[in-house]
Amino acid sequence: MPFRLATVALALLGANVQAQSLNELYQAARAFDATYLAARADAETAQHKLSQAQALRKPSLGLGITGTQSRTELPDIYTTLANGNRVLASPSHGVNRTAATAGLEGRYSLYNRANGATISQAERGLEASRAGLEVAEQDLMIRVAQAYFDVLAAREALATSQASKKAIAEQLASAKRNFEVGTATITDTREAQARFDRASALELAADNDLRVKRVTLDQLVGRNEVQPQPLAQPVALPVVEPVNVEAWLGQADAGHPQVRRARVGLDVAKLEIEKAKAGTSPVVDLKSSLGGSYERGSGASLPGTTTSGSVGFQVTMPLYTGGATDARVSETVLLAEKARNDLEAARRAVAEATRRSFFGLQSLQAQVKAFEAAEASSKLALEATQLGYKVGVRVNLDVLNAQAQLDAVRNDLAKARFDTVMTGLRLRQASGQLRPEDIAALDALLAK
């Protein structure tokens, strides 16, 4: 027996060593989850788009080289004599010609009204991409935490189911003994057997649910056989502050990445109006070129090497575009109105989600306290009923009902605790305040 206890202790110690914290698995998911990695890659492209736009303020230089080789066939030339006869004066021959030209052409924009708006749009796009990445990261935090606590909740449900089955099995054995000695009827045995069979089915369902929840978590973090750390006992749920919903709403409107991204979208739409209006403005460019050519050939006199260079201004002024510019301006004005309404919709959605999460959290916190009290009273009721059964004032069904009541309360309490933790995270997400530090802080709730 001592050897067996030592073996069990070593196995439990090994399980604790292999167990992973929530923050550890979140960091693993950041390096593995394809959805988050795609969002991060998309956000990083915004910096390159900005660099492309900023190139509009810089000069451009191009090199052009051409080379040709040709042959021209000249016809025979005849001369007419005084007697009227035609005499060949010059036979046909070909002229070979080789030419090469190389040149540099530079351009620098001195005035282009649309360029400034394009660059400003790219700068706003960078802000929007960063806000989008925050949304993706907050979503990843919620998904990892949900999968983590789903496994813990499924494990709690399985443990409760196994404990319930064990208690019912003891009650079934007691009912059989009492029936054999004639102090109980066959009804008690059959009731206990029915409850035991149902407990066995519930245990199988809970075991399967745990397996499924583990598969989800493994897939999310890119690991196999993940073992989350359980909640430390006694359970101490985190305190969520501030306790005023208006404070959360103020934070949400000012800092939620969805609202920030919608505001940037409105700014971009307004800049698009400026770009459309720029279609009626002149464009002034500074142009310069430097080039040279070389030619040689046979059968004709050709120039040798020539060089040329030029510097000048090019002014382009649209005079008539067939109404395209006016139509584009009207389109962008309507798109700006759409962006303004999108911003308002985002603000309302964030406010609604924040209120819903805040009041949901308050309700869950009250439920946890109520279920804790119910667990204590249900445990005392079960003990009293078991004692009454032993002295003959309670029947077997009373014990089974008391046991079922305690099991249900324990399941409800475990679920309420995990829901409270998750709703606290969702409140921070709804208000745009969720940060990786919040995930790391939850490790303090876990058993070490």
Side-chain angles (χ1 to χ4, degrees), residues 35-36 38-50 52-53 113-143 242 244-281 321-361 423 425-435:
T35 302
Y36 171 73
R40 190 170 67 183
D42 182 66
E44 290 174 354
T45 62
Q47 180 61 55
H48 301 290
K49 290 180 181 178
L50 176 58
Q52 295 174 48
R113 184 179 171 185
N115 286 351
T118 300
I119 295 173
S120 296
Q121 282 182 323
E123 293 172 346
R124 302 297 192 281
L126 182 59
E127 296 177 19
S129 68
R130 290 171 177 169
L133 183 58
E134 284 186 40
V135 172
E137 188 163 12
Q138 289 183 359
D139 177 69
L140 178 63
M141 284 185 262
I142 292 297
R143 287 189 287 125
N244 183 2
V245 67
E246 296 301 326
W248 288 101
L249 291 173
Q251 293 174 349
D253 189 69
H256 197 285
Q258 292 282 26
V259 175
R260 296 199 335 257
R261 188 162 59 175
R263 285 197 180 101
V264 170
L266 178 57
D267 292 340
V268 170
K270 291 179 179 178
L271 290 169
E272 193 65 28
I273 297 176
E274 293 300 317
K275 285 177 61 177
K277 292 180 178 179
T280 61
S281 301
T321 61
T325 301
D326 292 339
R328 177 58 181 162
V329 171
S330 299
E331 178 191 5
T332 54
V333 169
L334 292 175
L335 290 175
E337 182 63 23
K338 174 184 178 299
R340 186 174 292 104
N341 285 297
D342 288 342
L343 171 58
E344 184 61 27
R347 295 178 63 186
R348 292 175 184 177
V350 165
E352 178 188 357
T354 302
R355 290 180 186 275
R356 187 169 56 247
S357 298
F358 180 83
F359 294 127
L361 179 61
T423 304
L425 290 178
R426 293 186 186 280
L427 174 59
R428 301 192 69 82
Q429 180 194 30
S431 62
Q433 306 302 310
L434 186 60
R435 299 290 183 269

Does a salt bridge link [X] with [Y], judged by any charged N lying under 4.0 Å from a carboxylate O?
{"X": "R328", "Y": "E331", "value": "yes"}
{"X": "D342", "Y": "R261", "value": "no"}
{"X": "R355", "Y": "E352", "value": "no"}
{"X": "E344", "Y": "R348", "value": "yes"}

Taking all heavy atoms of [X] and all of [Y], pick out the closest pair and write down the distance.
{"X": "A269", "Y": "L335", "value": "CB-O, 4.2 Å"}
{"X": "T332", "Y": "V329", "value": "OG1-O, 2.8 Å"}
{"X": "S357", "Y": "T423", "value": "O-CG2, 3.5 Å"}
{"X": "P257", "Y": "G432", "value": "CD-CA, 3.9 Å"}
{"X": "R347", "Y": "V259", "value": "CG-CG1, 3.9 Å"}
{"X": "E274", "Y": "A117", "value": "CB-CB, 4.3 Å"}

Close side-chain approach of [X] to [Y], heavy-atom, < 4.5 Å:
{"X": "L425", "Y": "L434", "result": "yes"}
{"X": "L271", "Y": "R124", "result": "yes"}
{"X": "I273", "Y": "V333", "result": "yes"}

Short side-chain to backbone donor-acceptor contact, [X] and [Y], under 3.5 Å:
{"X": "H256", "Y": "Q433", "result": "no"}
{"X": "T354", "Y": "A430", "result": "yes"}
{"X": "R260", "Y": "G255", "result": "yes"}
{"X": "S431", "Y": "R428", "result": "yes"}

Exercise for review: Begin with the C-alpha distance, continue with both residues' side-chain angles, and end with the deciding distance and a verdict on side-chain contact (heavy atoms from CB on, under 4.5 Å) for R340 and K270.
Suggested key: CA-CA 10 Å; R340 186 174 292 104; K270 291 179 179 178; 3.9 Å; yes
Point to revise | Interatomic spacing from OG1 in T118 to CZ in R113 - rounded to 0.5 Å | key: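 These two atoms lie 12.0 Å from each other.
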Exercise for review: Look up atom NZ in K277 and atom OG1 in T325, then write down how far apart they are to the nearest 0.5 Å.
Suggested key: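 With rounding to 0.5 Å, NZ (K277) is 13.0 Å from OG1 (T325).
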Point to revise | Distance-only polar pair, side chains of R426 and Q429, donor-acceptor under 3.5 Å | key: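 Q429 and R426 do not have a side-chain donor-acceptor pair below 3.5 Å.
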Review point. Stepwise, does the side-chain contact (heavy atoms from CB on, under 4.5 Å) test hold for E127 with E123?
Key: CA-CA 7 Å; E127 296 177 19; E123 293 172 346; 5.5 Å; no
